[in-house]
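Each chain gets a letter, A, B and so on, in the order the sequences are listed, and its residues count up from 1.
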Amino acid sequence: MSQRLELHPDRLFPTDPAVRDVARALYAEIAGLPIVSPHGHTDPAWFATNAPFGNATDLVLRPDHYLFRMLYSQGVALTDLGIGVPADQRNPRAAWRILGENWHLFRGTPSRMWLDWVFTQVFGLDVMLCAQTADLYYDTITDALATPAFAPRALFDRYGIEVIATTESPLDDLAHHAAIRADNAAGVWQGRVITAYRPDPVVDPEFDGFRANLARFSQITGEDCLTWSGYLAAHRQRRAYFAAHGATSTDHGHPTAQTADLPPAQAEALFAKVAHGSFTPAEAELFRAQMLTEMAAMSIEDGLVMQIHPGSFRNHNAALFARHGRDKGADIPIRTEYVHALKPLLDRFGNDPRLCVILFTLDESSYARELAPLAGHYPCLKLGPAWWFHDSPEGMRRFRHATTETAGFYNTVGFNDDTRAFLSIPARHDVARRIDCGFLAQMVAEHRITDWEAAELAHALTYGLVKQAYKL
Amino acid sequence: MSQRLELHPDRLFPTDPAVRDVARALYAEIAGLPIVSPHGHTDPAWFATNAPFGNATDLVLRPDHYLFRMLYSQGVALTDLGIGVPADQRNPRAAWRILGENWHLFRGTPSRMWLDWVFTQVFGLDVMLCAQTADLYYDTITDALATPAFAPRALFDRYGIEVIATTESPLDDLAHHAAIRADNAAGVWQGRVITAYRPDPVVDPEFDGFRANLARFSQITGEDCLTWSGYLAAHRQRRAYFAAHGATSTDHGHPTAQTADLPPAQAEALFAKVAHGSFTPAEAELFRAQMLTEMAAMSIEDGLVMQIHPGSFRNHNAALFARHGRDKGADIPIRTEYVHALKPLLDRFGNDPRLCVILFTLDESSYARELAPLAGHYPCLKLGPAWWFHDSPEGMRRFRHATTETAGFYNTVGFNDDTRAFLSIPARHDVARRIDCGFLAQMVAEHRITDWEAAELAHALTYGLVKQAYKL
Amino acid sequence: MSQRLELHPDRLFPTDPAVRDVARALYAEIAGLPIVSPHGHTDPAWFATNAPFGNATDLVLRPDHYLFRMLYSQGVALTDLGIGVPADQRNPRAAWRILGENWHLFRGTPSRMWLDWVFTQVFGLDVMLCAQTADLYYDTITDALATPAFAPRALFDRYGIEVIATTESPLDDLAHHAAIRADNAAGVWQGRVITAYRPDPVVDPEFDGFRANLARFSQITGEDCLTWSGYLAAHRQRRAYFAAHGATSTDHGHPTAQTADLPPAQAEALFAKVAHGSFTPAEAELFRAQMLTEMAAMSIEDGLVMQIHPGSFRNHNAALFARHGRDKGADIPIRTEYVHALKPLLDRFGNDPRLCVILFTLDESSYARELAPLAGHYPCLKLGPAWWFHDSPEGMRRFRHATTETAGFYNTVGFNDDTRAFLSIPARHDVARRIDCGFLAQMVAEHRITDWEAAELAHALTYGLVKQAYKL
């Protein structure tokens, strides 16, 4: 027997009736605001080519590490989901059935909330996903995706996206972004899709293919990226190229938040080591640290906002990595220190009003202890929203509870969906809006702020702060 | 004047009336389920001999480190409680009076909730413990314990215990378990009491008497436990012996979660050092780390579920330890790292479907950051419930709030009472059931799961998951 | 348009109506209790001279690091607030206008709650601070401060302060305290103002001017403070002098909680190094560690309660420190370990009933993991309240939620305002009282304690425990 599925209008609001009323009122005013998505991993090719998305499994299941990591944890083989299987040997319907049979595993998770929104609001499904309804789901979604109303640009428009940022390597030619901008200019489509500069592949000496990447970096820029000055010039050039394709930010996914500020000669000598592939892990770490400070220096010149996303132990599962490669749900957060780590960068640029650094963490113990005090003091620092494993109702609540009293609301930057799961982007923003309204409603109900202040704050947390912080 | 004591039927439920109603309904369906206690420290002699328990102090106060640590923290001498005093010089009634006089110290603690349940539900007391009622309590409890209805087996049956696991050293002959099983076979008593394999005394080179333990290990097994191969063979033999006495699990109480996977020759050389008593603290740590991986290898062979209970700084109070020995309330949690620590074991066995490792922690900062992401990915990992200092209403709430969104419910394993305080076992399970129902009710009230899903989950968290995870 | 400002009588109480009723009833009984302020940083000169406080900016804004750190984080120059500006070049009204224009930054922060109390309850303002009302505020406050009813002693009396402790260096002559005590003796004023012994300037080898401080320490005491025995004797002498000026406590603001218990000869040799200014950072740390144990030894002799306030990375912003000096809102909390750190001191004195050590933290992850278990065992340890960045509604709730189940209420010591912001002292105590009553009310509503127990506890948390712990 299949169960009815519907979204309750009060979902995620406080349950106390008086507080819920305040939350409802706040939410009503901001629920319809456009989506500003300043950081994420959607594929610009979707919006450039506007080709239909394909089947349910390829779009919803196979690329979503939240989904397949949970299935994997309960014994489902990734290959049964079509991961690491050549396209012509996959069985997307069978993979979808596995999701249906195991849908109960997602009870209490954000994936469940995000996807129930997609299922009901985008595809009009009204029974819950389960073994019995898996085929209905697969067919409904797959059939819809083949229609023009579900093409990437149509959904982008329907979703009310004002602007979305993708994330590219300096080695990317940004051809898709150029194509989109050409269509923008030609009046073919008005969707605003911008890039962001994520230089890890040419900054992290331990990145797969780092030396080949440097060679490619030279080729693309015409600089000699085996010299320190050429390497820095290449960054400057590509940053400008990215900015010309709409970028307003850079992004740095280092294992730690460590920064360094070496004397130029030492930095040059260190670069020589990493560029030639003979370095210790400590030297790799020091180089990444130095590069955060170099990137900050360039941000002061070119105005790009700097995002630091540290603290993920990437590819923890060695066997899985060997077989399936990166981003297979085996990245695990680690304890992350900020106070000592950021000091070299802050000693150099911490008081410079031209710099904006947005800090993220996977270590919630740093929220109240380190991040809120840092952001509540340094003019250049802002707090990014609850991230990745903490991009969830409880995670967002913890973020607000832990950071607001010290950093206030105005040192935060609104919401990031940070996702490649395009279909669920509105659902993710909606969760954030509901949780923020609930948090504000509780503050009103405890008489810590007034209702009109809460209304101003709800707007700022949804729309104002992200536009300002990311210069959008 | 003594104060009335009664348990409120809504205790620990959410206070919002609408949410409380949901919690009540969920709880009503699972309150009567049998107790499955897969990990604890009750004395198998109780159930083997069925001898009466003795006086109130000897059963309730003197062995309960939660109680005497609090009294000690407020200046009560352990000797005044009969601890470290020869039996014939103890004054159990005077000790009980000290508890009565200081009962206010336990306000807000789980001990208070557990014992109020025992006092009212087991002994029918209806006034609160205090200086004035201490004698009434002492007499009521002591008198009752002398009657057949309060003998260990009678209470076991009355408590609705389906199965209980005790914890023994490999050096234990399991005679009590054998006796119980004999009585089971003879139809004298049907209570199911199983053992668990806790090899710390022969695995931890820093364990008191380690070398003597190795000698005894040789003697018991007929293996030469001063050789690496003999030592491993002895473990295999004793694990089989424990399994024959009902064990479905092993348990490892190491200072850290560190694992190692040394090449065999190195492991053998390391063992030679520790077996001969000439090792550094780092070598002791490395040996314990290696042994976790060896134990995992054996678990894959024999199917025993592996529990890791790390992160307690044992016997922190040097003077107290010198005078009174282990387990005197002076074990203090320390920061505990899992992501790097478990990698060697996981690199070797993390994807093996035959392995089940249940992780515990005393460091709640690892819940959302490390443990839930690990358990939400690796097929072999499950999360044990909130443990020890965190086995409490707030501790359980933090556990569910921090782990559910990433690990889901189905990577957890139900409740452990982990106690030697036999009388309060139902009270402890009841606290867990109430807190879980409250947590689920809140999820229903926020429209994150449906009521029928919550009902399924309440059953799973109470009964289904523990049976499955521990193979009971 | 200016907005109405009023304090709601139910502010900070639980919002569930039934629970709120319990909180109201608890609060009604303790709201009027006198203020006992055992630790803080008010200026004894205020109470000695009773000179008027000056203008709004000088009293409320310029000394309050909570205020100017937030303004600074959003780009306000400290000099525009009059900080680091000679008195005759400051524009206090312009500074106040900056506060008014930026008052929205404080939404959700404790500063907002504290100051709204001051504005309404002390100065009778009934419109909210903003750009439009900044002048009204400035004039109202400045004018009032010039009147006798707002002189320091008048406010002290009006505030119902039973006793307040200030904090002084051993090098302070305590002349203001002597003057106050003289006025007390002469019947001129009955306000009780005591000092506390904060020896960091002569204990921390890395403290600015440490060697000059030692020279002065010798001069004041007549001891040779370049010898270990003379140095210790000087401490003993000054502690006695402080005790004679009312001190019941010492206070230690070290970077970490590290303690040490060196053999006397080693301690002496270490002292020789630091006294002569040739030491490594590790030696400085070891010396501070040793001095905590020496201070504990002296506390056992003279009965002074010992407070440890570790874990602040002082003066993190190098440029700001170079320009403006200490205490400019750039102190950032760091991860702080207690279990290993305190062991040397506890090994020596942990079981001595004459010692009382009150532990504080800026690292909330240590509450449930380390501090509550330590305080719930060692007779000499108590837990100080939520401190500094955590002296806030959410911070206090986290403190009670994390510590109560293991340490109970009776191993805590009531509230510290720890402030130099004299005007807001009642507001700060009021926040603590409301949050504690709300926490207790929730416990009553969950049937974990009875209402009469909650009433006893509310009194203890407000008044009884602080008097007892600090020997006041």
Revision key, fill the gap. In this structure, CD of Glu394(C) is separated from OG1 of Thr403(A) (nearest 0.5 Å) by 10.0 Å
Review point. Non-hydrogen atoms of chain A under 4.5 Å away: do they reach the side chain of Leu362(C), the backbone, both or neither?
Key: backbone
**Study point:** Residue, of Gly329(C), Ser111(C), Ser365(C), that accumulates the most heavy atom pairs under 4.5 Å with chain A
**Key:** Gly329(C)
Point to revise | Between OG on residue Ser366(A) and CG on residue Asp363(C), distance to nearest 0.5 Å | key: 10.5 Å
Review point. Chain C: which of Glu405(A), Arg448(A), His401(A) shares the most heavy-atom pairs with it under 4.5 Å?
Key: Glu405(A)
Review point. So which part of Ser392(C) gets closer than 4.5 Å to some heavy atom of chain A, the side chain, the backbone, both or neither?
Key: both
Check your understanding: Which pair of non-hydrogen atoms, one from Lys343(A) and one from Ala318(C), has the smallest distance, and what is that distance?
Key -> NZ-CB, 4.1 Å
Exercise for review: Grab the two heavy atoms, one from Asp16(A) and one from Pro17(C), that are nearest each other, plus how far apart they are.
Suggested key: OD2-CD, 4.0 Å
Review point. What option among Gly376(A), Ala372(A), Ala18(A) has the most heavy-atom pairs under 4.5 Å with chain C?
Key: Gly376(A)
Practice item. Measure the shortest side-chain to side-chain distance between Phe389(C) and Arg369(A) over non-hydrogen atoms and say whether it is less than 4.5 angstrom. Key: no
Review point. Does CZ belonging to Arg323(C) count more than 12 external heavy atoms closer than 6.0 Å?
Key: no
Point to revise | Glu29(A) atom CD, over 12 foreign heavy atoms within 6.0 Å | key: no
Check your understanding: Of all heavy-atom pairs between His377(A) and Ala330(C), which one has the smallest distance, and what is that distance?
Key -> NE2-CB, 3.5 Å
**Study point:** Val339(A) side chain near Arg335(C) side chain, heavy-atom distance below 4.5 Å
**Key:** no
Exercise for review: Could you tell me whether the side chain of His104(C) reaches within less than 4.5 Å of the side chain of Glu453(A), counting heavy atoms only?
Suggested key: no
Exercise for review: Name the region of Pro393(C), side chain, backbone, both or neither, that has any atom closer than 4.5 Å to a heavy atom of chain A.
Suggested key: both
**Study point:** Contacting region of Arg112(C) [heavy-atom separation from chain A under 4.5 Å]
**Key:** side chain
Practice item. Give the member of Lys328(C), His316(C), Gln74(C), His390(C) that has the highest number of heavy-atom pairs under 4.5 Å with chain A. Key: His316(C)
Revision key, fill the gap. If you tally heavy-atom pairs under 4.5 Å between each of Arg434(C), Arg11(C), Arg4(C) and chain A, the highest tally belongs to Arg11(C)
Practice item. Name the member of Met113(C), Arg20(C), Met128(C) that forms the most heavy-atom pairs with chain A at distances under 4.5 Å. Key: Met128(C)
**Study point:** Point-to-point distance, once rounded to the nearest 0.5 Å, from CE of Met70(C) to OH of Tyr410(A)
**Key:** 10.5 Å
Study note, to complete from the structure: For Glu364(C) and Ala368(A) the tightest heavy-atom approach is OE1-CB, 3.4 Å
**Study point:** Rounded distance [0.5 Å steps], CD in Gln3(C) versus CH2 in Trp452(A)
**Key:** 4.5 Å
**Study point:** Engaged part of Leu374(A) at the chain C interface, taking heavy atoms whose separation is under 4.5 Å
**Key:** both
Revision key, fill the gap. Separation between CE (Met443(A)) and CZ (Arg107(C)), nearest 0.5 Å, reads 12.0 Å
**Study point:** Parallel, tilted or perpendicular, as decided by the 30° and 60° cut-offs, for the rings of His8(C) and His447(A)
**Key:** parallel
Review point. What's the spacing between Leu105(C) CG and Asn411(A) CG if we round to 0.5 Å?
Key: 7.5 Å
Point to revise | For Asn351(A) against Ala319(C), the heavy-atom pair lying closest together | key: ND2-CB, 3.7 Å
Point to revise | His65(C), part contacting chain A, at a heavy-atom distance under 4.5 Å | key: neither
Point to revise | Segment of Phe13(C) engaging chain A (4.5 angstrom heavy-atom cut-off) | key: backbone
Review point. Are Pro373(A) and Arg69(C) side-chain neighbours, meaning at least one heavy-atom pair lies under 4.5 Å?
Key: yes
Check your understanding: Below 4.0 angstrom, N of the basic side chain to O of the carboxylate: do Glu446(A) and Arg397(C) qualify?
Key -> yes
**Study point:** Side chain, backbone, both or neither of Ala407(A) within contact of chain C (heavy atoms, under 4.5 Å)
**Key:** backbone
Review point. Does CD belonging to Glu206(C) count more than 12 external heavy atoms closer than 6.0 Å?
Key: yes
Point to revise | Heavy-atom pair of closest approach, residues Ala375(A) and Ser73(C) | key: O-CB, 3.4 Å
Study note, to complete from the structure: Whatever's closer than 4.5 Å to a heavy atom in chain A on Arg398(C) counts as side chain
Review point. Who among Gly311(C), Pro333(C), Gly438(C) has the most heavy-atom pairs with chain A under 4.5 Å?
Key: Pro333(C)
